[in-house]
Protein chains: 2
Amino acid sequence: MSLPHAILTALLEKPSSGLELTRRFDRSIGYFWSATHQQIYRELGKLEQAGHIRALPAPVPSRGQKKEYEVLPAGRAELTDWVRRSEDPKPIRDALLLRLRAAAVVGTEGFADELRRHLALHRAQLEEYRGMEERQFPPERRTTEADRLRHLVLRGGIELERFWTAWLEEALAGFDDGDR
Amino acid sequence: MSLPHAILTALLEKPSSGLELTRRFDRSIGYFWSATHQQIYRELGKLEQAGHIRALPAPVPSRGQKKEYEVLPAGRAELTDWVRRSEDPKPIRDALLLRLRAAAVVGTEGFADELRRHLALHRAQLEEYRGMEERQFPPERRTTEADRLRHLVLRGGIELERFWTAWLEEALAGFDDGDR
DNA sequence: CGATCTTATGCAACTTGTTGCACAAGGGGT
DNA sequence: ACCCCTTGTGCAACAAGTTGCATAAGATCG
């Protein structure tokens with residue numbers, strides 16, 4: 001039940017069209033929630049029906065025309081309520097760890113390459129996030145409550161990538177000993 | 001497409017019934033993949049139909065009777081193939097980070113308590129994993145390839161919990177400054 | 001011997017996320 | 001004028017995960 005709330009948050013930060021939201025989900029929102037444009041359009045429809053958001057009046061409302069949405073008071077109330085509810089962390093589901101465990105049973109042939117590939121991807125992601133941190137949250141922008149919180153969320157994304165790169169490096173060190 | 005492979009791996013490690021698998025998913029398998037008993041029974045049916053596993057002959061095959069499964073050669077081949085395929089890491093979807101970002105917009109009232117609650121849960125999980133590491137992977141059991149890999153997977157679970165506890169502590173430190 | 005608890009398997013309905021494709025308007029090039 | 005690329009919205013079918021409930025056998029206890 002998180003996608004509608006992700007959309008409400010994004011729209012409160014800035015009213016947008018479906019495609020704009022998709023792009024924001026691919027970029028900055030992506031470090032804590034991902035979604036395809038299909039999910040977003042479907043959810044925008046539901047949120048509008050529920051009276052949580054509305055389409056801003058457009059000059060030419062027809063297919064293929066941009067449609068901007070903004071959050072209505074009911075939507076803000078729902079989001080506020082959701083943030084206040086308590087919710088347990090979901091158990092992990094990570095395919096790479098699973099595949100490594102499977103490799104322990106059926107053999108690790110070629111697996112070091114896959115680990116190296118993932119390491120490169122996570123290093124790139126880490127660099128991108130660190131760039132965003134420098135650009136969007138220089139020390140002078142870490143004073144207001146909202147900026148401090150947004151920075152904290154980005155720090156979560158950064159530290160998570162750091163965990164992956166560290167773990168992959170540890171894993172590869174073991175492979176280099178025993179697999180070459 | 002990972003659940004069937006998680007089940008194949010578990011069954012290769014030890015043939016089990018549906019409920020036994022469920023318990024194993026709640027325990028040791030849980031640090032890299034989670035599943036409910038419903039998912040498991042459904043998937044066992046599909047895997048049996050596909051000829052990847054088979055039920056061991058039971059004395060009294062009727063409803064409510066334990067049914068053990070073992071992996072067939074075709075199942076092992078499928079798992080081997082899956083481990084060798086390359087697969088990109090999935091983008092993050094974390095509700096707590098999302099809720100914190102939402103809190104930056106609608107207010108953080110009561111959020112520190114939620115962070116403390118999560119911190120306690122992650123600390124408990126971390127302790128449990130560390131206990132498992134001590135019991136299941138003492139230094140003398142880190143020599144064979146398979147044990148080394150299984151230990152590495154557990155290390156992933158441990159380091160991930162360590163990331164969460166560290167991030168939550170950092171987050172709470174900020175809250176104590178600005179929110180009390 | 002009947003009530004109730006535990007173990008064990010499973011169906012059905014629902015929600016969430018993914019994939020592939022269709023449709024429409026406008027701009028740019030040739 | 002025509003083609004193709006980009007922007008933008010959207011349907012439909014499918015795959016994966018969740019929730020609530022039903023069923024049945026065996027053990028335990030009064």
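The structure presented is a predicted model; accordingly, all values stated were derived computationally and were not measured. Lettering follows sequence order; numbering is per chain, from 1.
- D/dT18 atom C1' lies 13 Å from atom CD1 of B/Ile40, rounded to whole Å.
- Annotation: side chain to side chain contact (heavy atoms under 4.5 Å, CB included) contacts of B/Leu72 (sequence neighbours excluded): B/Arg54.
- Under the 4.5 Å side-chain heavy-atom criterion for ILVMFWY residues, no single connected hydrophobic cluster contains both A/Leu119 and A/Leu121.
- Rounded to an integer number of Å, the gap from CG of A/Leu21 to C1' of D/dG10 is 15 Å.
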Give every donor-acceptor pair under 3.5 Å between a side-chain atom in residues 129-138 of chain A and any protein atom, sequence neighbours left out.
{"residue": "A/Glu133", "atom": "OE2", "partner": "A/His151", "partner atom": "NE2", "Å": "2.9"}

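- For B/Asp26, there are no side chain to side chain donor-acceptor pair (under 3.5 Å) partners two or more places apart in sequence or in a different chain.
- A search for salt bridge (charged side-chain N to carboxylate O under 4.0 Å, His left out) contacts involving B/Arg123 returns B/Glu169, not counting sequence neighbours.
- Which of D/dT7, D/dT9, C/dT9 sits closest to the side chain of B/Lys67 comes down to C/dT9.
- B/Glu159 meets the side chain to side chain donor-acceptor pair (under 3.5 Å) test with B/Arg155, B/Arg162; sequence neighbours excluded.
- With sequence neighbours left out, A/Ala55 forms a side chain to side chain contact (heavy atoms under 4.5 Å, CB included) with A/Glu48, A/Lys67, A/Tyr69.
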- Note on the structure: Under a 4.0 Å heavy-atom criterion, the protein footprint on nucleotides 14-20 of chain C, written with B, S and -, is --SBBBB
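- Taking only side-chain nitrogens and oxygens, A/Tyr41 never comes nearer than 4.0 Å to OP1 or OP2 of D/dG10.
- For the contact set between residues 8-20 of chain A and DNA chain D, defined by any heavy atom under 4.0 Å, the members are A/Ser17, A/Gly18, A/Leu19.
- Annotation: salt bridge (charged side-chain N to carboxylate O under 4.0 Å, His left out) contacts of A/Glu114 (sequence neighbours excluded): A/Arg99, A/Arg117.
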